[in-house]
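One structure is given below, encoded as structure tokens.
Residue numbering restarts at 1 for every chain, and letters A, B, ... go by the order of the sequence lines.
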Amino acid sequence: MYSVQESHVRLAQLPKTKYDKYEKNTHKCDLLIGVLLIRWEEERSTDGSKWRFLEHKGPVFAPPYEPLPDKVKFYYDGKLMKLAAPAEEVATFFAKMLDHEYTTKDVFRKNFFKDWRKEMTSEEKSKITDLNKCNFAGMNEYFKAQSEARKQMSKEEKQKIKEDNERILQEYGFCIMDNHKERIGNFRIEPPGLFRGRGDHPKMGMLKRRIRPEDIIINCSKDSKHPKPPPGTKWKEVRHDNKVTWLASWTENIQGSIKYIMLNPSSRIKGEKDWQKYETARRLKKCVDRIRNQYREDWKSKEMRIRQRAVALYFIDKLALRAGNEKEEGETADTVGCCSLRVEHINLYPKLDDQEYVVEFDFLGKDSIRYYNRIPVEKRVFKNLQLFLENKQPGDDLFDRLNTSILNKHLQELMDGLTAKVFRTYNASITLQQQLKELSCCEYVPAKILSYNRANRAVAILCNHQRAPPKTFEKSMQNLQTKVIPARKQLKAAKAEHKASHDDKSKKAVEVKRKAVQRIEEQLMKLQVQATDREENKQIALGTSKLNYLDPRISVAWCKKFGIPIEKIYNKTQREKFAWAIDMAEKDFEF
DNA sequence: TGCTAGACTTGTATTGATCGTG
DNA sequence: CACGATCAATACAAGTCTAGCA
């Protein structure tokens, strides 16, 4: 009926011709194949359907709760108490987190306690009225011992677990979409637990309830073998919607939002979408000058809404800010993006140090990561901002005549498929390309990698992808330094010996020493490069931009141009995700 | 026009596996 | 070979954006 093919095999075999027609209009590939592929492409996109055939085995559920052994004690107000399973389970969620800062936060404790009480029997409920009187220490110790025991398991036991996991992966971790076997991204249902919101989240500590088959909607094709629910249970629904890409979904109880099971980034469906994203960004490259001129003109508009739109777009373009959708107050942490900036988030300085018209940004963005930046802007922008601030309170919207929907509608008119986030993709990718051109230095491979990382870093800084310095940072830096010093000494010694051996005219010995010197020199250089890289990377996270913003073809082309093995830039998973680019891009690829 | 549900991308934190070293 | 450091994989939260409805 259909043939099953490994995804990466297909990617390696097929796309050359298929992608070529998008890369260059002139392709030398077989015309017939080209035509077929074009038809295949069109078939795929015209009616919005994402697949024709989809078969999978459904999700893997969290294991049922196993009550604690009797030796594990819980005390309330100093008195021993045995909890019934439902309340005990929720108590273990809290007990496991005792070392975490969360459990000291008022909001977390309050939310937890409220939801915990809902799981109690009426007797438990009447006794347990104060979280401060609960003693979870016994439970906490038990779980610590458990995790310790897991670490101490014998090789055989560990091997057994590994094999079991592998078996589950093989059975549930793949699906068949159209003619290919594809890896599923998250085939396990999230287990119950306490909700851990980021930042100042009003719902932190609430109980994330257990998901049952009755909560799950299955999506697959009619003519496939439908997944079976676990014995004695039923799915909420089985549907056959090929306009969407997900295999299963359920509604989560904290925010009431929908969670999905979808395919791995290595899958065709994700890869094509990713590629499309970068093609949109490349189209923006062609018209970005026009758009920039346009918004600069709009700074002078008679209409306030147009000026606001133009200034916001300028920020999105220049600073790579996110769009900034409105959020429901009290449902989530108070974070903002460009369109939702408030008066309190910026400061204006007509003069600051030796710069004019400086705007200072200070706000919490996605995941409550702080964005702090001071930048000089053009006088017109500055004057506009002053105007927007007139008669406003700190809590008022900076752009009161603008939201993401208005902005995106405008962008759509400027270019087909253009939205606010395309600017982030475009600016990230173009920055990488430029930086790679500027920074590329000597032939030494580790130094080349360093310059790649620097280019990557420039992007991460632009996108504000920060991280807290790793806890082990100082120590690992020291470790590196202690390696560098002996290497220096050795080098010196080797050089001296080398020189000395010239005298005895034993050519062989000289050669040996020369090699030794060279080896140590290389080692030393490698260490120094490593140390520099790490220092510069202290509080910047490179992963997010590498995975989501940088057109992988730029990196692939760079590798090909300088003969750098792709493995130095992308690990196995990343190579799978970017298989399309690795296959497609030649050394002269231009973003 | 505004609102919401839904689908999909992006992001950090945590967990698990692997690697290099004493 | 045990151990900690490091890197990769996983988990899941938090964004963006669209479509459809009143």
Whole angstroms only, please: what is the CE-P distance between Met262(A) and dG6(B)?
13 Å
Ring-plane angle category for Trp580(A) and Trp275(A), please: parallel below 30°, perpendicular beyond 60°, tilted otherwise.
tilted
What about the rings of Phe187(A) and His56(A), do their centers lie closer together than 6.0 Å?
no
Side chains of Glu163(A) and Gln159(A): donor-acceptor distance under 3.5 Å anywhere?
yes
Every protein N/O within reach of nucleotides 10-14 of chain C N/O, cut-off under 3.5 Å:
residue, atom, partner, partner atom, Å
dA13(C), OP1, Lys208(A), NZ, 3.1
dA13(C), OP2, Lys259(A), NZ, 2.5
dA14(C), OP1, Arg198(A), N, 2.7
dA14(C), OP1, His201(A), ND1, 3.4

Glu166(A) CD to dA17(B) C1': how many Å, rounded?
14 Å
Between Gln574(A) and Ser368(A), name the one whose nearest nucleotide on DNA chain C is closer to the 5' end.
Gln574(A)
What are the two closest heavy atoms between Tyr426(A) and Ala281(A), and how far apart are they?
CD1-O, 3.7 Å
All N/O contacts under 3.5 Å from nucleotides 16-18 of chain C to the protein, with atom names and distances to one decimal?
residue, atom, partner, partner atom, Å
dT16(C), OP1, Ala323(A), N, 3.4
dT16(C), OP1, Gly324(A), N, 2.7
dT16(C), OP2, Asn325(A), N, 3.0
dT16(C), OP2, Asn325(A), ND2, 3.0
dC17(C), OP1, Thr419(A), OG1, 2.8
dC17(C), OP1, Ala420(A), N, 3.3
dC17(C), OP1, Lys421(A), N, 2.7
dC17(C), OP2, Asn408(A), ND2, 3.2

Among all residues two or more places apart in sequence or in another chain, which pass the salt bridge (Lys or Arg N to Asp or Glu O under 4.0 Å) test with Glu141(A)?
none
Measure NZ/Lys572(A) against P/dC19(B) and give the value in whole Å, please.
12 Å
Taking CD from Glu237(A) and P from dG6(B), how many angstroms apart are they, rounded to a whole number?
11 Å
Specify the residue among Asn165(A) and Thr251(A) whose closest nucleotide of DNA chain B lies further upstream toward the 5′ end.
Thr251(A)
At a heavy-atom distance below 4.0 Å, what parts of residues 99-111 of chain A sit against DNA chain B?
His100(A)
Under 4.0 Å between a side-chain N/O of His465(A) and OP1 or OP2 of dT12(B), yes or no?
no
So, applying side-chain contact (heavy atoms from CB on, under 4.5 Å) with Pro192(A), which one of Arg209(A), Glu89(A), Lys208(A) is it?
Glu89(A)
Would you say the rings of Phe112(A) and Phe94(A) are close, in the sense that their centroids are separated by under 6.0 Å?
yes
Would you kindly compare Thr544(A) and Arg150(A) by the position of their nearest DNA chain B nucleotide and give the one closer to the 5′ end?
Thr544(A)
Pairing donors with acceptors under 3.5 angstrom, does anything connect the side chains of Lys327(A) and Ser340(A)?
no
Which part of the nucleic acid does Arg424(A) contact within heavy-atom distance under 4.0 Å: base, sugar-phosphate only, or nothing?
sugar-phosphate
Is Lys270(A) near enough to dT9(B) that one of its side-chain N or O atoms lies under 4.0 angstrom from OP1 or OP2?
yes
Rounded to whole angstroms, how far apart are NZ on Lys577(A) and C1' on dA8(C)?
15 Å
Do we see a donor-acceptor contact under 3.5 Å between the side chains of Asn242(A) and Ser221(A)?
no
In chain order, what residues pass the side chain to side chain donor-acceptor pair (under 3.5 Å) check against Thr425(A), with sequence neighbours excluded?
none
Does the distance from a Lys or Arg side-chain N to an Asp or Glu carboxylate O, for Lys57(A) and Glu171(A), drop under 4.0 Å?
yes
OP1 or OP2 of dT9(B) sitting under 4.0 Å from any side-chain N/O of Tyr260(A)?
no
Describe, in one word, how the ring planes of Tyr102(A) and His100(A) are oriented to each other, choosing from parallel (under 30°), tilted (30 to 60°) and perpendicular (over 60°).
parallel
Side-chain donor-acceptor contact under 3.5 Å, Thr245(A) with Tyr260(A)
no
With a sphere of 6.0 Å drawn around CD of Gln146(A), does it hold more than 12 non-hydrogen atoms of other residues, nucleotides or ligands?
yes
Enter the inter-axis angle for the ends of the helix from dT1(B)-dA22(C) to dG22(B)-dC1(C) (five pairs per end, rounded to 10°).
0°
